[in-house]
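Ligands are counted one by one from 1 in listed order, and the atoms in each one are counted from 1 as well.
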Amino acid sequence: MRRFLVAGNWKMHGSKELTAELISGVSRHVLDNARISEQKVLAYDILVCPATPYLQQASTLAEALPIQVGAQNVNANAQGAYTGEVSLSMLSELGCGHVLLGHSERREVFGETDTSIAEKFASCVNGEFDITPVLCIGETLAARQAGETENVVAAQLDAVLDVVGIEGFKDAVIAYEPVWAIGTGETASPEQAQQVHAFIRAKLSGLDAEIADKLRILYGGSVKPGNAEELFAQIDIDGGLIGGASLDVSSFAGICEAAQKLATQA
Ligand code: PGA
């Protein structure tokens, strides 16, 4: 069975104070919750993705805690004259084990393309650093209304598959994030999300059933403690990528607890 992953994307929010508060507060909440459950330990994984300046602080704080740390972006090149950019080796030194790739804000605000995202993905899976790419894909409202959701998602996947092949997805994570649901308070219904998750898994399964079966596909877009459980209960939803609600200890811990509940009742 796939293990749930609850990931927080802090975006360009935070401070040293908030980093300390979130990491210690969330771990205290979820560990207390696990202690009173039958399982005693966390039956799912937690990842936080702070802005680059807080990565070192976050990984130091999280060292002895059941929280992993990831970055929000990386440059595909190993090093060089790329002012303002950060490489995989740098992220590795900062204690990152994951990196978000192709978030819709990167695509829309910073002009990242399927090609540049595929290059970054390839550098993660072909490189010497153990950094798992979390590939974000999803359609805009216009695309959904035009009935193009599956075509958009398939094209975003194909761009990466063309470069790394299905083997490249062996240790990757996918986050399906409908753009119209990000930061809007509007969530895809569990059925809408499940439909796209199943489509993604079936597409990859056509290439390698074992890789597709093991792959974690997260849902992102206005996940809250109140809707996390019904979303995560869907057969092809393996956790969430959480924006706004990851900046509040009780909201993020509440979403984590939905994963614990589902994982332990199975
Ligand atoms: P949201 O953001 O939870 O605030 O909608 C999700 C994301 O951007 O990853």
Would you list the atom pairs, donor with acceptor, under 3.5 Å between side chains in residues 128-137 and any protein atom, with sequence neighbours excluded?
none

Nearest 0.5 Å please: distance from the CG atom of L22 over to the CG atom of L247.
6.5 Å
Take every heavy atom of G185, measure it against each atom of ligand 1, and state whether any distance is under 4.0 Å.
no
Under-4.0 Å heavy-atom contact with ligand 1, by part of N9 that carries it
side chain
Going by the order shown, which atoms of ligand 1 are within less than 4.0 Å of some heavy atom of G244?
1 (P), 3 (O), 4 (O)
Starting from atom 9 (O) of ligand 1, find the nearest protein heavy-atom neighbour and note its residue, name and distance.
E177 OE2, 2.6 Å
Taking atom types as modelled, is there a side-chain donor on E257 or Y44 under 3.5 Å from an acceptor on the other?
no
Just by modelled atom types, is the E148 backbone N or O under 3.5 Å from a matching donor or acceptor in the N151 side chain?
no
Give the numbers and elements of all ligand 1 atoms closer than 4.0 Å to a heavy atom of H103.
7 (C), 8 (O), 9 (O)
Suppose I only count heavy atoms of G183 and a 4.0 Å limit; which atoms of ligand 1 are within that range?
1 (P), 4 (O), 5 (O)
Side chain of Q156, backbone of G138: donor and acceptor closer than 3.5 Å?
yes
Using modelled atom types only, decide if a donor and an acceptor are shared between the side chain of T19 and the backbone of A58 within a distance under 3.5 Å.
no
Answer yes or no: is there a donor N or O on one side and an acceptor on the other, between the side chain of R201 and the main chain of L215, under 3.5 Å?
yes
Hey, which atoms in ligand 1 end up nearer than 4.0 Å to a heavy atom of G221?
5 (O)
Backbone N/O of Y54 and side chain of Q57: donor-acceptor pair under 3.5 Å:
no
Under 4.0 Å from a heavy atom of L241: which atoms of ligand 1 are those, numbered in the order shown and with their elements?
6 (C), 9 (O)
Short N/O distance, under 3.5 Å, between K11 and ligand 1?
yes
Looking only at heavy atoms of A245, does any of them come nearer than 4.0 Å to an atom of ligand 1?
no
Within the side chain of Q72, is there an N or O that forms a donor-acceptor pair under 3.5 Å with the backbone of C49?
yes
Could you tell me whether G243 and ligand 1 have an N or O pair separated by under 3.5 Å?
yes
Only heavy atoms of A181, strictly under 4.0 Å: list the atoms of ligand 1 that pass.
5 (O)
Ligand 1 contacted by S222 (non-hydrogen, < 4.0 Å):
yes
